[in-house]
Student: 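The following block contains the structure, expressed as structure tokens.
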Amino acid sequence: MTEQDAGAREQRLARWRSCAVLHVDMDMFYVGVELLAAPHLRGRPVVVAAAGHRSVVLSASYEARAYGVRSGMPLTRARALCPAAVLLEPHRQAYEQVSRRVMATFAELTDLVEQISVDEAFLDVSGAVRRLGPPVGIARGLRARIREELGLTASVGIGATKTVAKIASTRAKPDGLLLVQPEDTVAFLAELPVSALWGVGARTAEVLTGAGLRTVGDLAAVPVPRLARLVGPAAGHHLHELASGRDPRPVVPVREEKSLGAEETFAQDVADTRVLHETLLRLSHRTASRLRRQGLRARRVGLKLRWADFSTITRSRTLAQPFTSAHDLHEHGTALLAELGRRPQAVRLIGIRAERLEPAGDALQLSLDGREEEWGAAEEAMDRVHARFGPGRLGPARLLRPAGTRGAPAAGPAGPGPGAAPGRPGPNSQGVDSRVRDANSPPDGLSW
């Protein structure tokens, strides 16, 4: 190879590396996984949701979306919009298994993989272009491999920054690929609505459009001080940078876990304190098991309640000692519930969270009675039983039911609050992970 050829090759590699951020988003992931077991339903309107009149849509096929069905929509509304839709029960374990295979495929291309949720991730392939070629070729090969090996489709956006790549993947859906070159970035962004920018929610979009700033190009053209007056100094500067095509955030392979939790929507609004306590206990065990499985412990407990009128409150407390046990999580969750006093309404949804997470391997100063070790050891033994014999073989005695009564609410006097009939846990309870959902989650938190 001549010196001139070598120089041209290095220039080509440098150009590829300047636009090497991929955002890969699986198409209708939950529906796609369900259709692997029901291929005869391909091409038909399909809705994935738990049965029950209080359930919400987890995902919908594109055929169902054509009727207006959307994730997070009440199932009753989805049925009204698309009566012909086939309802499929969700299988969370299958989604997690397929997700691990998808992420493992990404990891074979580059070690710079930032998983955003169960079905999407950023990839920085700048270090792989010498070996695998241009990013667009890498993306094409990746999409073909996902289709051939997993039977699923993915949309990919490629850009110089994470913001551009994410917007590009949205524009490429379904089952598409879109490359936005660095020199085309500003023009690509300019005509988009302000809501297209990552992080601009409904409220911020309303403020911006109310001020006459309807497109990303409008944001890029307006002086930063004016944006600061509208949305605050930090947000104003950040939005102006994004609108101008500048986003310095790198692809970060390891995302710090901020919190883990679980929540449950009741089939009927609940006023019975005993039912709430038992639900918190079940959710606490689910959350604590995930803590231990991921090698984490927590220092703060959070409680979430959604009232019958859909208004939501949260409460939290920081503990002197970090914990991994469901016992501690439940004890402080029920204490937070008691601190609310007389509840003004029946409860539609209840949730528990373990927050301020840290590696469980770090040194821990035990309390004087050392009960962290006792509860932790007991629950770790229960984890081992579940791993060997399956879930449901061992659990708290308070959650055990006589044959034929499983799922029924516990009997007992009504707790604080109005005299609404106690409900039973609904079928649409799900674990909640902060990496997957944020504060903009729809009601009932079921849009994964």
Side-chain angles (χ1 to χ4, degrees), residues 14-27 29 99 102-103 105-107 109-129 132 134-140 142-143 146 154-173 176-201 204-205 215-217 219-220 231 234-258 433-440:
R15 176 169 176 79
W16 290 347
R17 291 179 181 130
S18 71
C19 188
V21 178
L22 277 59
H23 181 257
V24 186
D25 196 355
M26 303 299 292
D27 298 317
F29 179 66
S99 175
V102 171
M103 297 304 157
T105 302
F106 297 165
L109 299 177
T110 174
D111 58 353
L112 295 177
V113 178
E114 182 177 354
Q115 183 174 354
I116 301 301
S117 71
V118 70
D119 63 342
E120 64 175 312
F122 287 106
L123 286 68
D124 183 339
V125 298
S126 57
V129 295
L132 300 176
V136 68
I138 294 174
R140 285 173 179 153
L142 177 60
R143 294 180 64 243
I146 290 173
S155 295
V156 181
I158 310 173
T161 69
K162 290 166 70 173
T163 294
V164 173
K166 184 170 177 65
I167 294 174
S169 71
T170 301
R171 300 296 170 186
K173 280 187 168 293
L177 169 64
L178 178 59
L179 166 67
V180 181
Q181 297 282 11
E183 61 269 23
D184 300 326
T185 294
V186 173
F188 168 72
L189 295 174
E191 300 302 318
L192 299 176
V194 293
S195 58
L197 282 182
W198 194 12
V200 175
T204 302
T215 68
V216 176
L219 293 183
V231 297
H237 174 76
H238 179 64
L239 289 179
H240 191 270
E241 290 291 289
L242 296 184
S244 303
R246 295 185 289 270
D247 182 1
R249 294 172 295 183
V251 175
V252 181
V254 179
R255 291 173 59 84
E256 180 182 357
E257 195 82 77
K258 295 181 179 180
D433 190 325
S434 63
R435 295 179 305 175
V436 178
R437 282 181 291 278
D438 55 25
N440 294 321

Student: Atom NE2 of His237 and atom CG of Leu239: how far apart are they, to the nearest 0.5 Å?
Tutor: 10.5 Å

Student: Once rounded to the nearest 0.5 Å, what's the spacing between atom NE2 of His23 and atom CG of Leu178?
Tutor: 13.0 Å

Student: Walk me through whether Ile116 and Glu114 qualify under side chain to side chain contact (heavy atoms under 4.5 Å, CB included).
Tutor: CA-CA 6 Å; Ile116 301 301; Glu114 182 177 354; 4.0 Å; yes

Student: What verdict does the side chain to side chain contact (heavy atoms under 4.5 Å, CB included) test give for Val21 and Phe122, after you've listed the backbone C-alpha separation in whole Å, the side-chain angles of each residue and the deciding distance to 0.1 Å?
Tutor: CA-CA 7 Å; Val21 178; Phe122 287 106; 4.2 Å; yes

Student: Return the set of residues passing ring-ring contact (aromatic ring centres under 6.0 Å, His included) with Phe29 (not counting sequence neighbours), or none when no residue passes.
Tutor: none

Student: Do the side chain of Arg143 and the main chain of Ala154 share a donor and acceptor less than 3.5 angstrom apart?
Tutor: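 Here the side-chain-to-backbone pair exists.
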
Student: Out of Arg249, Glu241, Arg246, which residue meets the side-chain hydrogen bond (donor to acceptor under 3.5 Å, both in side chains) rule with Thr163?
Tutor: Arg249

Student: With sequence neighbours left out, write down each residue that passes side chain to side chain contact (heavy atoms under 4.5 Å, CB included) with Gln181, or none if nothing qualifies.
Tutor: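 Counting only residues at least two positions away or on another chain, Gln181 forms a side chain to side chain contact (heavy atoms under 4.5 Å, CB included) with Arg15, Cys19, Leu179, Glu183, Asp184.
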
Student: Quick check against the 3.5 Å criterion: does Thr110 have a side-chain atom that pairs as donor or acceptor with the backbone of Leu112?
Tutor: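 Yes, the answer is positive, given that a donor and an acceptor are paired below the 3.5 Å cut-off.
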
Student: Looking at Asp25, is its backbone amide N or carbonyl O close enough to the side chain of Glu120 to form a donor-acceptor pair, meaning the two atoms are under 3.5 Å apart?
Tutor: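 Not confirmed, Glu120 side chain does not pair with Asp25 backbone.
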
Student: Using side chain to side chain contact (heavy atoms under 4.5 Å, CB included) as the criterion, point out the one residue from Leu123, Val156, Leu132, Ile158 that pairs with Ile138.
Tutor: Leu132

Student: Restricting to salt bridge (charged side-chain N to carboxylate O under 4.0 Å, His left out), what partner residues turn up for Asp124, sequence neighbours left out?
Tutor: none

Student: Nearest 0.5 Å, what's the CG-CG distance between Leu177 and Leu22?
Tutor: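 Interatomic distance, Leu177 CG to Leu22 CG, rounded to 0.5 Å: 8.0 Å.
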
Student: What do the steps show when you test Val24 against Phe106 for side chain to side chain contact (heavy atoms under 4.5 Å, CB included), and what is the final call?
Tutor: CA-CA 9 Å; Val24 186; Phe106 297 165; 3.5 Å; yes

Student: Taking the side chain from Ser99 and the backbone from Val118, do they hold a donor-acceptor pair closer than 3.5 Å?
Tutor: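 Yes; judged by distance alone, with no hydrogens or angles, the pair exists.
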
Student: Is a donor on one side and an acceptor on the other found under 3.5 Å between the side chain of Thr215 and the backbone of Leu192?
Tutor: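 No.
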
Student: Rounded to the nearest 0.5 Å, what's the gap from CG on Leu189 to CD1 on Ile167? Could you check?
Tutor: 5.5 Å

Student: What is the minimum heavy-atom distance between Gly159 and Ala165, and which atoms define it?
Tutor: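 That would be N-CB, 4.0 Å.
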
Student: Look at the side chain of Thr204 and the backbone N and O of Val200, then say whether any donor-acceptor pair between them is shorter than 3.5 Å.
Tutor: no

Student: Quick one: does Lys162's side chain have a donor or acceptor within less than 3.5 Å of a partner on Pro250's backbone?
Tutor: yes

Student: Where is the tightest heavy-atom contact between Asp27 and Ser155, given as atom of each residue plus distance?
Tutor: OD1-OG, 2.9 Å

